[in-house]
Amino acid sequence: MNESATFNTQEDYMDQYFVGSSSNGGVVAPFFSMRKLRLVYNELMGSRDFEFSNFDDFKQNVLSSVAPQIELSKWQAIASRR
């Protein structure tokens, strides 16, 4: 996903970042890459008390949260303290 993208219309923006139509209350798509998610997971795997045994469980936890970007930021903060 290109984070420095410019948009000509609000519809272009909505098409890029929302899943579903804006008229039915579409959901905001996560604003990060799977690569970033994998990097955070790999950093956390080094610790003995990390609660996820595989990447798919970790990914599911982050993506199913109410605010995936905030959830990923939380895990990034935890990883940086270890």
Side-chain angles (χ1 to χ4, degrees):
M1 187 179 301
N2 184 356
E3 294 182 19
S4 63
T6 57
F7 304 99
N8 295 326
T9 65
Q10 183 175 359
E11 286 77 26
D12 291 343
Y13 174 82
M14 299 293 263
D15 289 343
Q16 179 72 31
Y17 297 110
F18 284 72
V19 177
S21 72
S22 59
S23 63
N24 69 2
V27 178
V28 176
F31 193 68
F32 55 84
S33 67
M34 284 299 119
R35 181 177 180 271
K36 186 173 186 179
L37 189 65
R38 173 62 84 170
L39 288 171
V40 171
Y41 173 77
N42 288 342
E43 288 179 36
L44 292 166
M45 275 307 296
S47 59
R48 284 174 258 171
D49 57 346
F50 187 53
E51 61 194 82
F52 299 101
S53 60
N54 62 52
F55 177 71
D56 289 332
D57 291 344
F58 178 67
K59 180 175 77 172
Q60 181 63 31
N61 176 267
V62 171
L63 295 178
S64 66
S65 70
V66 175
Q69 181 62 47
I70 293 172
E71 184 73 13
L72 180 59
S73 295
K74 175 189 90 171
W75 286 112
Q76 274 185 295
I78 291 169
S80 70
R81 285 183 255 145
R82 292 183 179 184

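Position 1 is the first residue of the sequence; numbering continues from there.
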Are the side chains of Asn42 and Phe55 in touch, meaning some heavy atoms are under 4.5 Å apart? no
Do Met45 and Leu37 sit in the same hydrophobic cluster, where Ile, Leu, Val, Met, Phe, Trp and Tyr count as joined when their side-chain heavy atoms come under 4.5 Å apart? yes
Please enumerate all residues that pass side chain to side chain contact (heavy atoms under 4.5 Å, CB included) together with Ile78, with sequence neighbours excluded. Leu44, Lys74, Trp75, Arg81, Arg82
OH (Tyr41) and CE (Met34) are apart, to the nearest 0.5 Å, by 14.5 Å
Separation between CD1 of Ile70 and CD of Gln76, rounded to the nearest 0.5 Å: 12.5 Å
Please tabulate, for side-chain N and O atoms in residues 61-68, each donor-acceptor pair with protein atoms closer than 3.5 Å (sequence neighbours left out).
from	atom 1	to	atom 2	distance (Å)
Ser64	OG	Gln60	O	2.7
Ser64	OG	Asn61	O	3.4
Ser65	OG	Val62	O	2.8

Salt bridge (charged side-chain N to carboxylate O under 4.0 Å, His left out): pairs with one or both residues in residues 52-70, sequence neighbours excluded: none
